[in-house]
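Predicted model only: the values in this text are computed from it and were never measured.
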Amino acid sequence: MEVAKLTDVTRVYKIGEVETRALNGVSLSIQSGEFTSLVGPSGSGKTTLLQLIGVLDQPTSGKVVIDGKETTDLNRNQRADLRKGTIGFVFQFFALIPTLTAYENVEMPLLLNGKNPAERKQRVLELLDAVGMNERGHHRPDQLSGGQQQRVAVARALATDPKMILADEPTANLDTENGEQVMEIMKKLNKETGTTFVFATHDPRVIKYADRVVTLEDGLIVKDSKAKAK
Amino acid sequence: MNYFKMAYRNLGRHRRRSALSALALGLGTALLMFVAAFFEGEMRGSMETTLRLNTGHLQISNAEYDPDKLSVAWEYLIENPLQSAAQIEALEQVKSATPRLIASGIVSVRDESAGVQIMGIDPASAANDPYRTMVSGEFITADDRTGILIGLPLAESLNLKVGDSLNLLVNTAEGDVDEQQFTIRGIFTTGTSAYDKGIVFLPLAKAQAFSGAENRASYIFVMLNDREQADAVAAAIQGQNLRIRTWTEMNQLLVLVNDFSNAYLTFINLIVLGVTATVIVNTLLMSVFERTREIGILSAIGMKGRQIIALFLVEATLLGAAGITFGGLLGWSVSAYFAKVGVFFGDLGISGEMLMEDRIYPILTLESAINLIVTAFIITILASLYPARMASRMEPVEALHGSN
Ligand SMILES: Nc1ncnc2c1ncn2[C@@H]1O[C@H](COP(=O)(O)OP(=O)(O)OP(=O)(O)O)[C@@H](O)[C@H]1O
Ligand SMILES: [Mg+2]
């Protein structure tokens, strides 16, 4: 099944008179259950592509279909709704809400999805357990290490059982050990739950986990290879 | 986890900033509350003082009588005033009615003198109670032929005490001037120096004889149980060649000022609250800018625009509630304190139609307190709509972009 389909997508940033063609006609199909890496030099358009798949942004031209839904005509709220039910995010910086505990951060998307308290509690505990953070639920982000924060972020991304998790350089701020650990967790979840993962990364440690590697250069896909995943 | 908890923690991130902006709102509210109480006290006090001392609720005079002239020529006066007063006092709505004779005169002692109103009063009438507070000496009696009462400021300026004698000139009914020695029986204070410095009291009979008014008076001074009855009572009193004036007619300026003061207060409220609201807006704007990334994250995980607005509005609500509660308590305590001790102004030199006591006692009405609190709250919420909407319009892309 196809979770995301991009057809001839361009994204042009305009700052004053300067136009940057971050994506220059990209077509890409992401299948359910894939564990895909977007790679390429800095400025090649990885983050831009991820943002379009994540409906955080809209293409200048072309078509983005997520979970069978055409996204180009959706308004802000409809896009928020689509994200809420379908997509989870893990960012390079440990994007937890600083005023909330680990537990509450994971609970947040469930709240936004209107889950009842009993369901929420069960799910949060289950997820914290899955990322090995059940001991630290009551900690605030600033009381956690970078690796721990990123694991909480993964748990949060998974909370609503999204079809697809998008991660932008999730290991860039982690040391080898913590990076491996986070990747192991994601790989395991991918295998166990069939959740689709798409990464933007430079990190060979991430790439080695991927079973598909899409290479971007100057806003174009120059290579798309099925890798032998570990 | 709910909006309140989140908002509360967000405010806790910058405790001092939050506290300061709540404090600004609080002080604004407290100030306005005190100003409102002060105005209310001043207006009510001024109205009451003017009615009690000066005009009463009704005055019944000869149709020809001109209150500005103080003439005691017979054609301006009413006849048999004690009898008429007794009749009027018998009316159910009337608290007291008493004749008064007013003439112009000059008090002189040694080489100093002062122009005064000479008022002849019936010492037995309850309507004269406001003059009965004596600094020293005794109130005057009806059959006293040589005694006089003077006010404290006049006594001080002419250096007089009880038992001293003074010379009094009067403009008589015939248009002449008469002169006589009087002995000070008592020195009174009404609490309104502007009034006390310009008036002396004689028993009615003596004033009538002295000024040549004989059995006449300038008007009958009437106090009612309820001043709203003035028109009804005025209509009930019939009489040929009489003029009946109600307190609203006699105090048009005061009534006007009274009505105007509410509009004036509303205006001040809006200005002060507008200024304090900008403090709140500023605080919220700062936190919107600081939390750009966070708002992006919330948006990325599916928080909708109106939920983000709600989050910031709840922050404003908490800030507002804290500030306004504090301000309300402060304003209330300050008003309550000054309601006891009064605010001393002394003789502001306001005379004529509008009298004010030397001390103003603020009155905080429940209505104005609630009014103010509600207004402050509404303004706070309205003001915070702007930063809240701004937060809700941020693109989630910012969250990712801000990091790379
Ligand atoms: N918000 C923006 N406004 C203007 N230009 C932008 C914006 N975001 C990205 N760009 C430009 O678009 C191009 C692609 O950027 P993008 O962030 O997608 O690259 P990337 O592959 O993620 O790079 P990196 O590996 O450094 O993260 C770059 O030239 C970048 O300068
Ligand atoms: Mg990038």
Within 6.0 angstrom of B:R389 CZ, more than 12 heavy atoms from elsewhere: no
Region of B:R393 in contact with chain A, defined by heavy-atom distances below 4.5 Å: both
Given A:D129, A:L110, A:N134, the one that forms side chain to side chain contact (heavy atoms under 4.5 Å, CB included) with A:V124: A:L110
Contacting moiety of A:P162, where chain B heavy atoms sit under 4.5 Å: neither
Top contributor to chain B interface from A:P117, A:G85, A:P98 [non-hydrogen pairs under 4.5 Å]: A:P98
Chain B interface, residue from A:T160, A:T48, A:N77, A:T101 that has the most non-hydrogen pairs under 4.5 Å: A:N77
Contact summary for B:L318 and B:Y8, nearest pair of heavy atoms: CD1-N, 3.7 Å
A:D175 atom CG, neighbour heavy-atom count above 12 within 6.0 Å: yes
